[in-house]
Amino acid sequence: MQNNQRDQKALYENYYGYALKVIFRYVYRYEKAVDVANDGFVKVFRNIHRFQYEQAENVEMILMGWMRTIMVNTAIDHLRKNNFLPEIGAINENIWLEDKSSSSDQALLYKELISEVKNLPPSYRLVFNMYIIDGFTHQEIANQLGISVGTSKSNLSKARVLLQKFLKKSNDEAIVCRS
C-alpha cells in the first residue's frame, strides 16, 4: 500500500499463477492471457489503497477475492475490446481445479466437461464462468457485459442445457461400454 517496489514484486510473484488461472477461463491464448494478467496487476497496484479488510487472519483470502474480481474484469475488458471474439488456442488444463482423489473415470469426465465448457458459444461461456465459477450475480454480469439480467439468465440456462446434453450423451456412452 506504500508503493514499495520490493513488496509489489513479491505480491506479483506470489499471485501471478493464481491470476493466470483466473484469466485462462476467459482468455485462452497464453500470450494474451499474460498481457491481461499484467494489465490486471497494474490495476491492483493502482488501486491497492482501496483494498480493505477487517480480520487480519483472513487477509490473504480477502486479497485473493479482490484480485480475482480485478482479473475477471480485466479479462472481460479485453474480450469486450475484441468484440467477445472467442479465443483460439490451447489452454493449459491445469488451470481448472481438479479433485485429485477422484477416480480416473471421473477425472476423464471432468476434462471432457471442461473441454465442452470451452466449446460453448462465447456469450454462454462468459456468463457460465462468471456465474458458476466466479460467483457473480446476474445483475453484476449484466452490468459488466452491458446486457440485461434476463439475457444473462437466458445465456446461463442455454449453457447448462448444452452441458447437460453432453453429460447425458457421455453417461449413455458409458452405459453402452459397460454392457
Can you tell me how far apart CG (N38) and OH (Y12) are? Round to the nearest 0.5 Å. 3.5 Å
Would you call the rings of F41 and Y16 parallel, tilted or perpendicular if under 30° counts as parallel and over 60° as perpendicular? parallel
Euclidean distance, Y15 OH relative to L20 CG, rounded to 0.5 Å: 15.0 Å
For Y131 against H138, the heavy-atom pair lying closest together: CE1-NE2, 3.4 Å
Under 4.5 Å between side-chain heavy atoms, hopping through other hydrophobics if needed: is there a path connecting M64 to V22? yes
May I ask whether V42 and V36 are part of the same hydrophobic cluster, defined by side-chain heavy atoms of I, L, V, M, F, W, Y residues being less than 4.5 angstrom apart, directly or through others? no
Counting N and O atoms only, with roles assigned by atom type, does the side chain of R125 sit under 3.5 Å from a partner on the main chain of K118, one being a donor and the other an acceptor? yes
Minimum heavy-atom distance Y124-L120, with the two atoms named: CB-CB, 4.4 Å
State, with a plain yes or no, whether a side-chain heavy atom of D134 is found less than 4.5 Å away from one of R25. yes
Is V161 reachable from L126 through a run of hydrophobic residues whose side-chain heavy atoms are each under 4.5 Å from the next? no
Taking it one step at a time, do W66 and Q52 satisfy side-chain contact (heavy atoms from CB on, under 4.5 Å)? CA-CA 9 Å; W66 182 73; Q52 297 177 358; over 6 Å; no
Tell me, which pairs form a salt bridge (Lys or Arg N to Asp or Glu O under 4.0 Å) where one or both residues lie in residues 146-160, sequence neighbours left out? none
Would you say that Y26 contacts M130 through its side chain, given a criterion of any heavy-atom pair below 4.5 Å between the two side chains? yes
Would you say the side chain of H78 lies within less than 4.5 Å of the side chain of D35, judging by non-hydrogen atoms? no
Going through the distances and angles, do L11 and L63 end up as a side-chain contact (heavy atoms from CB on, under 4.5 Å)? CA-CA 10 Å; L11 182 79; L63 176 66; 3.7 Å; yes
Tell me whether I132 is reachable from I76 by hopping between hydrophobic residues (I, L, V, M, F, W, Y) whose side-chain heavy atoms are closer than 4.5 Å. yes
In terms of heavy-atom contacts, P121 and L162 come closest through CD-CD1, 4.1 Å
Taking all non-hydrogen atoms of both residues, which atom of S152 and which atom of I141 are closest, and how far apart? OG-CG2, 3.5 Å
Would a 4.5 Å heavy-atom cut-off, applied to side chains only, mark L145 and V127 as touching? yes
Flag side-chain contact, heavy atom, 4.5 Å: Q164 against K168: no
Using a 4.5 Å cut-off on heavy atoms from C-beta on, say whether the side chain of T69 contacts that of N73. yes
So, do P122 and L79 sit near enough that their side-chain heavy atoms are less than 4.5 Å apart? no
In this structure, would F136 and V149 fall into the same cluster of hydrophobic residues linked by side-chain contacts under 4.5 Å? no
With S157 via side chain to side chain donor-acceptor pair (under 3.5 Å) - residues at least two apart: none
Apply the test side-chain contact (heavy atoms from CB on, under 4.5 Å) to residues N129 and V72: give CA-CA distance (whole Å), side-chain angles for both, the deciding distance (0.1 Å), then the verdict. CA-CA 10 Å; N129 279 339; V72 168; over 6 Å; no
Check the surroundings of atom CD in Q5: do more than 12 heavy atoms from other residues, nucleotides or ligands lie under 6.0 Å from it? no
Between D77 and D39, is any pair of side-chain heavy atoms under 4.5 Å apart? no
Under 3.5 Å, is there a donor-acceptor pair linking the side chains of Y53 and E60? no
Quick one, M71 with V44, criterion side-chain contact (heavy atoms from CB on, under 4.5 Å). Give me CA distance, side-chain angles, the key distance, then yes/no. CA-CA 9 Å; M71 295 302 164; V44 165; 4.2 Å; yes
